[in-house]
Amino acid sequence: MGRGRVQLKRIENKINRQVTFSKRRSGLLKKAHEISVLCDAEVALIIFSAKGKLYEYATDSCMEKILERYERYCYAEKALTSSEPEFQGNWYQEYAKLKAKIEALHKSQRHLMGEQLDSLSLKELQQLEHQLDTSLKQIRSRKHKVMLDSITELQRKVKQLQEQNKGLEKELMEKQKLKVVAQQAQWEQQNPPSSFLVAESHPTLCIGTSYHGEGDAQAHVRNSSSLLPPWMHRHLNG
């Protein structure tokens with residue numbers, strides 16, 4: 001005897017229903033894979049079990065790509081099916097409204113530029129003049145604000161540069177003082193005032209010394225003064 005045809009209705013036995021679901025699910029996934037390979041088709045299969053468990057299959061694992069393509073197709077199909085006379089009439093009315101609004105804006109722009117004013121009445125010209133005055137006031141107010149902000153910023157930069165200049169001048173003066181002190185210390189180290197101290201502590205050496213002529217005295221003065229610091233030269237000469 002051949003296999004009998006299974007009646008398509010819900011299987012009441014829970015265990016048989018679960019076994020049938022497992023077998024049919026595997027077969028369905030296999031068929032989806034076969035048709036995608038044999039026919040080079042993009043296939044997406046989504047299955048939810050009675051317990052809410054998800055089983056899915058997609059060609060080359062591109063489920064999102066296939067779903068996006070499906071949504072675009074459905075949207076395009078709805079747009080085509082909704083192109084009825086009433087729908088077309090609504091679109092035409094909307095187009096006419098937008099076109100009239102654009103023309104009105106272009107006309108208003110030409111009026112603000114001082115063009116095509118012949119068709120305007122006295123009242124319309126007065127309104128246009130008032131609108132231009134208001135616009136000019138706002139523009140001037142904005143211009144003055146921008147200028148004041150620029151001046152304030154420039155003043156801040158000038159003050160900052162002046163402070164930096166003062167700091168640099170102070171630093172330069174301190175460096176010059178340190179340089180002078182270092183030069184003086186170096187000079188004192190190279191030329192110690194030992195001869196002057198000896199002469200001062202032993203005045204008899206200077207008094208008892210006899211010079212043979214004016215030339216010896218001047219030579220002695222030159223030799224003594226060469227050992228003295230510059231400030232003492234100025235003091236003695238003065």
Side-chain angles (χ1 to χ4, degrees), residues 42-44 46 48 52 54 56 58-187 230-231:
E42 292 186 0
V43 181
I46 300 174
F48 285 99
L54 172 63
E56 62 178 0
T59 306
D60 298 330
S61 299
C62 295
M63 178 65 73
E64 294 182 358
K65 181 179 178 181
I66 296 173
L67 291 177
E68 289 178 0
R69 185 176 179 183
Y70 171 77
E71 290 178 356
R72 289 197 302 269
Y73 178 81
C74 292
Y75 178 80
E77 187 177 5
K78 289 179 180 179
L80 290 174
T81 55
S82 60
S83 59
E84 299 175 356
E86 183 180 358
F87 184 77
Q88 292 179 355
N90 293 334
W91 273 111
Y92 180 78
Q93 292 177 2
E94 189 69 19
Y95 168 76
K97 290 180 181 179
L98 292 175
K99 185 177 180 180
K101 186 180 293 186
I102 292 173
E103 290 179 355
L105 290 174
H106 286 167
K107 186 177 180 180
S108 176
Q109 183 179 5
R110 288 192 294 269
H111 291 165
L112 291 173
M113 296 297 295
E115 300 175 357
Q116 299 181 1
L117 302 177
D118 297 337
S119 61
L120 297 180
S121 62
L122 178 61
K123 185 176 181 180
E124 290 174 345
L125 291 172
Q126 289 176 350
Q127 292 177 355
L128 181 61
E129 184 181 7
H130 178 70
Q131 184 178 358
L132 289 173
D133 290 339
T134 304
S135 301
L136 283 174
K137 289 180 181 178
Q138 294 176 356
I139 293 171
R140 288 168 182 166
S141 176
R142 176 60 184 170
K143 184 186 72 173
H144 291 161
K145 186 177 184 304
V146 172
M147 292 176 63
L148 290 175
D149 293 341
S150 300
I151 293 172
T152 304
E153 182 66 18
L154 290 174
Q155 290 176 351
R156 186 187 66 80
K157 289 183 179 180
V158 169
K159 186 177 180 181
Q160 184 178 2
L161 291 174
Q162 289 176 352
E163 292 177 355
Q164 291 179 358
N165 191 18
K166 289 181 180 179
L168 292 174
E169 288 180 355
K170 184 177 180 181
E171 185 178 355
L172 182 60
M173 291 179 63
E174 291 178 355
K175 288 183 178 180
Q176 290 178 351
K177 289 181 180 179
L178 293 176
K179 185 177 180 181
V180 171
V181 172
Q183 290 178 353
Q184 185 177 359
Q186 184 179 4
W187 187 90
W231 60 270

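Atoms considered below: every heavy atom in the structure, side chains included; atoms not considered: hydrogens, waters and symmetry mates.
Arg72 places a side-chain heavy atom less than 4.5 Å from the side chain of Arg69. Proximity of Thr152 to Arg156: side-chain heavy atoms (C-beta onward) are nowhere separated by under 4.5 Å. At a threshold of 4.5 Å between non-hydrogen side-chain atoms, the residues Val180 and Gln176 do not count as touching.
Between the side chain of Ser150 and the main chain of Val146, a donor-acceptor pair closer than 3.5 Å is present. Using a distance-only test at 3.5 Å, with no hydrogens or angles considered, a donor-acceptor pair links the side chain of Ser135 to the main chain of Gln131.
For Gln109, the CD atom sits in a loose shell: 12 or fewer heavy atoms of surrounding residues, nucleotides or ligands are nearer than 6.0 Å. Within 6.0 Å of atom CZ in Arg110, more than 12 heavy atoms from other residues, nucleotides or ligands are found, so the atom counts as buried in its surroundings.
Between Ile66 and Glu42, the closest heavy-atom pair is CG1-OE1, 4.0 Å. Taking every heavy atom of both residues into account, Met63 and Ala44 meet most closely at SD-CB, 3.8 Å.
Salt bridge present: Lys145 and Asp149 bring a charged side-chain N and a carboxylate O closer than 4.0 Å. Using a 4.0 Å cut-off between a side-chain N of Lys or Arg and a carboxylate O of Asp or Glu, Glu103 and Lys107 do not qualify as a salt bridge.
Taking CG from Leu136 and CD from Glu129, the interatomic distance works out to 10.5 Å, rounded to the nearest 0.5 Å. In this structure, the separation between CG on Leu105 and NZ on Lys101 is 8.0 Å, given to the nearest 0.5 Å.
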**Message:** Is there a side-chain contact (heavy atoms from CB on, under 4.5 Å) between Lys166 and Lys170? Walk through the geometry before answering.
**Reply:** CA-CA 6 Å; Lys166 289 181 180 179; Lys170 184 177 180 181; over 6 Å; no
If you look only at distance, which donor and acceptor atoms sit under 3.5 Å apart when one is on a side chain in residues 120-128 and the other is two or more places apart or in another chain?
unit_1, atom_1, unit_2, atom_2, d
Ser121, OG, Glu124, N, 3.4
Glu124, OE1, Ser121, N, 3.1

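Under the side chain to side chain contact (heavy atoms under 4.5 Å, CB included) criterion, Ile151 pairs with Gln155, sequence neighbours left out. Remark: Gln138 engages Thr134 in a side chain to side chain contact (heavy atoms under 4.5 Å, CB included) (not counting sequence neighbours).
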